[in-house]
Amino acid sequence: MLGHLLPYADTVFNHRQVSTLLKEVPRLPAGVLTDEFVRELIELGQVVLDGQGLYLWFLGD
């Protein structure tokens, strides 16, 4: 899912996409993401999964 992020545009993940993203994160090779980013990503992703009609937004440049 991270491969779908657009560096110069906003990217929005819905509930299903966030679920897939959170399953992929632990399988990434070490060093691809910082530990801090992973912690925040998991925390924000869980907020989306726990709510209704929520999205995870990545804001581009």
- Item | Candidate pair I42 and V38, rule side chain to side chain contact (heavy atoms under 4.5 Å, CB included), full reasoning | CA-CA 6 Å; I42 291 170; V38 169; 3.7 Å; yes
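To the nearest 0.5 Å, atoms CG (L56) and CD (Q46) are separated by 12.0 Å. L59 CG to L6 CG: the interatomic distance, rounded to the nearest 0.5 Å, is 12.0 Å. Between T20 atom OG1 and L2 atom CG the span is 11.5 Å, to the nearest 0.5 Å. To the nearest 0.5 Å, the span separating CZ on F58 from NE2 on H4 amounts to 12.0 Å. A distance of 9.5 Å separates CG of L54 from CG of L49, quoted to the nearest 0.5 Å. In this structure, CZ on R39 lies 6.0 Å from CD on E36, to the nearest 0.5 angstrom.
In this structure a side-chain-to-backbone donor-acceptor pair under 3.5 Å is present from E24 to M1. Side-chain atoms of E40 never come within 3.5 Å of backbone atoms of F37 as a donor-acceptor pair (strictly under, hydrogens ignored). Formation of a donor-acceptor pair under 3.5 Å by the D61 side chain with backbone atoms of P7 is not found in this model.
Both L22 and V32 sit in one connected hydrophobic cluster of ILVMFWY residues. Membership requires side-chain heavy atoms under 4.5 Å apart, directly or through other members. By the rule that hydrophobic residues join a cluster once side-chain heavy atoms approach within less than 4.5 Å of another member, Y55 and V47 end up as members of separate clusters. Hydrophobic clustering of Ile, Leu, Val, Met, Phe, Trp and Tyr side chains at less than 4.5 Å, counting indirect connections, keeps V18 apart from W57.
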